[in-house]
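Some notes on the structure that comes next.
Every number for a ligand or one of its atoms is a count from 1 in the order of the listing. Here the structure is a predicted model, which is why all the values come from computation and not from measurement.
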Amino acid sequence: MIAHSTSESSEAYIALGANLGDREQTLLEALTLLDARPSISVLRCSALYETEPVGYVDQPAFLNMAIAVRTSLAPELLLTELLDVENRLGRVRDIRWGPRTVDLDLLWMYGETRETELLQLPHPRMGERAFVLVPLSDIVPQDEASGLYTFVHASLSVLDGKDGIQRWKTCNWPIEYGHSGS
Ligand SMILES: Nc1ncnc2c1ncn2[C@@H]1O[C@H](COP(=O)(O)OP(=O)(O)OP(=O)(O)O)[C@@H](O)[C@H]1O
Ligand SMILES: Nc1nc2c(c(=O)[nH]1)N=C(CO)CN2
């Protein structure tokens, strides 16, 4: 009997940010937790960037990054996984746009758009955020079929505030277990 896989899978792009605690360790734990889910594979990660807080500025600097994942989940279920990873890493929601242990935002998913209370996809503010677009430009290939490459580079070309973004470290994914971060 030949097993037929019926599950379609899609590429999705996720932005991660952290500005409390051990920011780098938290971000790498988030990647590990996501990749451990049977229906999610982390394909690529951007470098890590240290970024000045935008919006609510009276808070510590962030570490931001972006990742590409392959998933068989519908966008709503992928979002649930992101919120679950935030909770498992101890995110406490108090001040909107305030400091957070970790934040995972679903930016873009190939062939999927949503406009509901629960989920807006593509993320409605991704085009105005250098702390999202700069990491994303590390991992979106030029031949990406959905137009994301053009969107990212066109948005970056008209955006100021890129000076608040400093490259901090490359992301070693998959993490070489047993080696402490250099
Ligand atoms: N594309 C999306 N990615 C992540 N969360 C989303 C998305 N669309 C809607 N949401 C909803 O937004 C809610 C608030 O998210 P959160 O408190 O992390 O906002 P934020 O990340 O601080 O601000 P911003 O949304 O401007 O990045 C989440 O509980 C989630 O249900
Ligand atoms: N530099 C930076 N600023 C922010 C960030 C973030 O991730 N990085 N996230 C916010 C709410 O999502 C608000 N402001």
[X] neighbourhood, listing ligand 1 atoms whose heavy-atom distance to it stays under 4.0 Å:
| X | answer |
| --- | --- |
| Leu119 | 1 (N), 2 (C), 7 (C), 8 (N), 9 (C) |
| Asp105 | 3 (N), 4 (C), 21 (O), 27 (O) |
| Arg91 | 16 (P), 17 (O), 18 (O), 22 (O) |

query: So is Arg100 close enough to ligand 2, meaning a heavy atom under 4.0 angstrom away?
result: yes

query: Would Glu50 and Arg23 pass as an ion pair if we require N to O under 4.0 Å?
result: yes

- prompt: Do the charged groups of Arg114 and Glu112 touch, with an N to O distance under 4.0 Å?
  reply: yes

Side-chain donor or acceptor of [X] paired with backbone N/O of [Y] under 3.5 Å:
| X | Y | result |
| --- | --- | --- |
| Thr71 | Ile40 | no |
| Asp35 | Val42 | yes |
| Gln120 | Thr116 | yes |

Shortest protein heavy-atom distance from [atom], along with the residue and atom involved:
| atom | value |
| --- | --- |
| atom 23 (O) of ligand 1 | Trp97 NE1, 2.9 Å |
| atom 14 (N) of ligand 2 | Val54 O, 2.8 Å |
| atom 11 (C) of ligand 2 | Trp97 CD1, 3.3 Å |
| atom 12 (O) of ligand 2 | Asp103 OD2, 3.4 Å |
| atom 9 (N) of ligand 2 | Phe131 CZ, 3.7 Å |
| atom 16 (P) of ligand 1 | Arg93 NH1, 3.4 Å |

message: Would Asp103 count as a contact residue for ligand 1, given that I'm defining contact as a non-hydrogen atom of the residue lying under 4.0 Å from a ligand atom?
response: yes

query: Of all the heavy atoms in Arg114, does at least one lie under 4.0 Å from an atom in ligand 1?
result: no

One residue to check: [X]. Relative to ligand 1, which of side chain, backbone, both or neither has a non-hydrogen atom less than 4.0 Å away?
| X | result |
| --- | --- |
| Glu117 | neither |
| Gln120 | both |
| Leu79 | side chain |

statement: Distance col, row Met126:CE vs Leu107:CG, nearest 0.5 angstrom, shows 5.0 Å

Can you sort out which atoms of ligand 2 are near [X], meaning under 4.0 Å from one of its heavy atoms?
| X | result |
| --- | --- |
| Glu52 | 1 (N), 2 (C) |
| Pro53 | 1 (N), 3 (N) |
| Asn64 | 1 (N), 2 (C), 6 (C), 7 (O), 8 (N) |

- prompt: Can you check whether Leu106 has an N/O within less than 3.5 Å of an N/O in ligand 1?
  reply: yes

- prompt: Purely on distance, is any nitrogen or oxygen of Arg129 under 3.5 Å from one on ligand 1?
  reply: yes

Select the closest option to [atom] among [options], judged by heavy-atom distance.
| atom | options | value |
| --- | --- | --- |
| atom 22 (O) of ligand 1 | His123, Arg100, Glu128 | Arg100 |
| atom 11 (C) of ligand 1 | Leu82, Leu118, Leu83, Val132 | Leu118 |
| atom 25 (O) of ligand 1 | Arg125, Met109, Glu115 | Arg125 |

- prompt: Is there a side-chain contact between Leu83 and Thr80, using heavy atoms and a 4.5 Å cut-off?
  reply: no

- request: State, with a plain yes or no, whether a side-chain heavy atom of Leu16 is found less than 4.5 Å away from one of Asp103.
  value: no

query: Protein heavy atoms: any of them under 4.0 Å from atom 9 (C) of ligand 1?
result: yes

task: Measure from atom 31 (O) of ligand 1 to the protein's non-hydrogen atoms and state whether any distance is below 4.0 Å.
output: yes

query: Under 30°, 30 to 60°, or over 60°: which ring-plane class applies to Trp108 and Phe151, parallel, tilted or perpendicular?
result: tilted

Name of the residue among Leu31, Leu28, Leu43 meeting side chain to side chain contact (heavy atoms under 4.5 Å, CB included) with Trp173: Leu31

field: Of Leu159, Leu136, Asp105, the residue whose pairing with Arg129 passes side chain to side chain contact (heavy atoms under 4.5 Å, CB included)
entry: Asp105

Give a yes or no on whether [X] and [Y] share a hydrophobic cluster (residues Ile, Leu, Val, Met, Phe, Trp, Tyr; joining criterion: side-chain heavy atoms under 4.5 Å apart).
| X | Y | answer |
| --- | --- | --- |
| Leu104 | Leu118 | yes |
| Ile67 | Val102 | yes |
| Ile14 | Leu79 | yes |

- request: For ligand 2, note which part of Glu50 has a heavy atom under 4.0 Å away: side chain, backbone, both or neither.
  value: neither

query: Distance only, no hydrogens: is a donor on one side chain within 3.5 Å (strictly under) of an acceptor on the other, for Tyr110 and Arg70?
result: no

